[in-house]
Amino acid sequence: MQFIDLHAQYQQLKARIDTRIHSVLDHGKYIMGPEVFEFEERLAEYIGVKHVISCGNGTDALQLSLMAMGIGPGDAVITTPFTFFATAEVIALVGAEPVFSDINEKTYNLCPLKLEETIKNFQSDEGITLKAVIAVDLFGLPANYSAIERICKRYGLTLIEDAAQGMGGKINDTNAGSFGDIATTSFFPAKPLGCYGDGGAVLTDDDDIADVIKSLRVHGKGIDKYDNVRIGMNSRLDTLQAAILLEKLVVFDDEIECRNNVANQYAAALCGVSIPFVPDDYRSSWAQYTVMSSNENERKGFMSNLRDAGIPSAIYYGTPLHQQTAFNKEPEFRGNVDLGALNISENISKRVFSLPMHPYLSETEIHKIVENLK
Ligand SMILES: *Cc1c(COP(=O)(O)O)cnc(C)c1O
């Protein structure tokens, strides 16, 4: 059994993907070929944003967004400690300071109440300016954007949506990838909308931000490619990956529906573990199906039973970011000087584990997993 079965997906789409790949090999425009721009347009239409600017990966998409907002040394950015390392890594990478604010214990996403507390605590601090918030759509569930957007407006902060896991999620009829001032995503193969290598994108309605990011992704180019007007990066989506994504986008809605079917079957049958919570009016893209045990030892038992039966499982995420060695070396993080301010992330990271989740998971496989956990 596969944790994420990319081979099953390729078998379904083989003829169409192969044709698209061969057409790129025939025209030979490997860098910024026509498929790149076609995909950017299609994805913008699909998500309902004005601009999609593709780039090398989801980490670069976050970095490009921070660079476009002029965030760097002397600035601070608030984010969640319960996410993939890249979300906070990029804040430090541009020279700014990551500030962690704890999650809601049911959704695992940034808690708006605690976010406002973190902002208020921070404001008493001198010298460093709070500039932005990066909210994450963890495991495919969009964060609480109506509350978070309101808070960011009130305190004059830029809001970035890290939708690397969020594509395919929704709040009412609004798609993940369209919240905040800027959204970013990743097309890493295991993400809900993945390609067959690395890829990413920035999504925004703002014309000026879009123009700056188009420049930043090609060495800070001006109107002419060899006129460099700012310090940028080399971060582009390969034409071959864009060609693959064009075909995957056609079946994306169906795949999200299949993922939701799998999630519903899990929810109806699982016992002994807490199942994920999805608030009313929210749709998850189920980037991960993450369940919770009562304690660390019980998790160890569940996972070893699964392993013995040939069922893969994984821990996302076992170490909250403020406890990662790279950040732990730093002194206290601003806004979280109180001991225990991040205790929900610390507690949950010891208890969660994720079950196989992909659109092609069969009823037999789901049954086997559920029976094993019983
Ligand atoms: C995967 C991921 C990223 C980074 O994407 P890459 O394409 O691997 O660079 C950033 N944030 C989150 C939440 C992710 O899951």
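Along the sequence shown, residues carry numbers from 1. Remember, it's 1-based here, ligands and their atoms both numbered in the order they're listed.
Within 6.0 Å of CD in Glu105 there are 12 or fewer heavy atoms belonging to other residues, nucleotides or ligands.
Ring centroid separation for the pair Phe85 and Phe327 comes in under the 6.0 Å cut-off. Aromatic ring centres of Tyr46 and Phe39: separated by at least 6.0 Å.
In this structure, Lys191 satisfies the cation-pi test against Phe84, with its NZ or CZ atom closer than 6.0 Å to the six-membered ring centre and inside 45 degrees of the ring normal.
Below 3.5 Å of separation, one finds an N or O of Gly58 facing an N or O of ligand 1. For Asp198, no nitrogen or oxygen atom sits less than 3.5 Å from a nitrogen or oxygen atom of ligand 1, counting backbone and side chain alike.
For atom 2 (C) of ligand 1, the closest heavy atom belonging to the protein is Lys191 NZ, 2.7 Å. Nearest protein heavy-atom contact of atom 3 (C) of ligand 1 is Phe84 CD2, 3.7 Å. Asp162 OD2, 3.4 Å is the protein heavy atom nearest to atom 13 (C) of ligand 1. Thr59 OG1, 3.5 Å is the protein heavy atom nearest to atom 4 (C) of ligand 1.
Close approach of ligand 1 to Val136 (heavy-atom distance below 4.0 Å) involves ligand atoms 13 (C). Every atom of ligand 1 with a heavy atom of Thr87 under 4.0 Å away is listed here by number and element: 11 (N), 13 (C). Those atoms of ligand 1 that come under 4.0 Å of a heavy atom in Ala164, given as number and element, are 2 (C), 3 (C), 10 (C), 11 (N), 12 (C), 14 (C), 15 (O). Atoms of ligand 1 lying under 4.0 Å from at least one heavy atom of Thr83, given by number and element, are 13 (C). For ligand 1, the atoms closer than 4.0 angstrom to any heavy atom of Ser186 are 5 (O), 6 (P), 7 (O).
A donor-acceptor contact under 3.5 angstrom links the side chains of Glu40 and Ser54, judged on distance only. Using modelled atom types, one finds no donor on one side chain facing an acceptor on the other under 3.5 Å when comparing Glu41 with His51.
Using modelled atom types, no side-chain atom of Glu255 and backbone atom of Val251 make a donor-acceptor pair closer than 3.5 Å.
Salt bridge annotation for Asp207-Lys50: present, with a cationic side-chain nitrogen under 4.0 angstrom from a carboxylate oxygen.
At a heavy-atom cutoff of 4.0 Å, ligand 1 is contacted by both the backbone and the side chain of Asn57.
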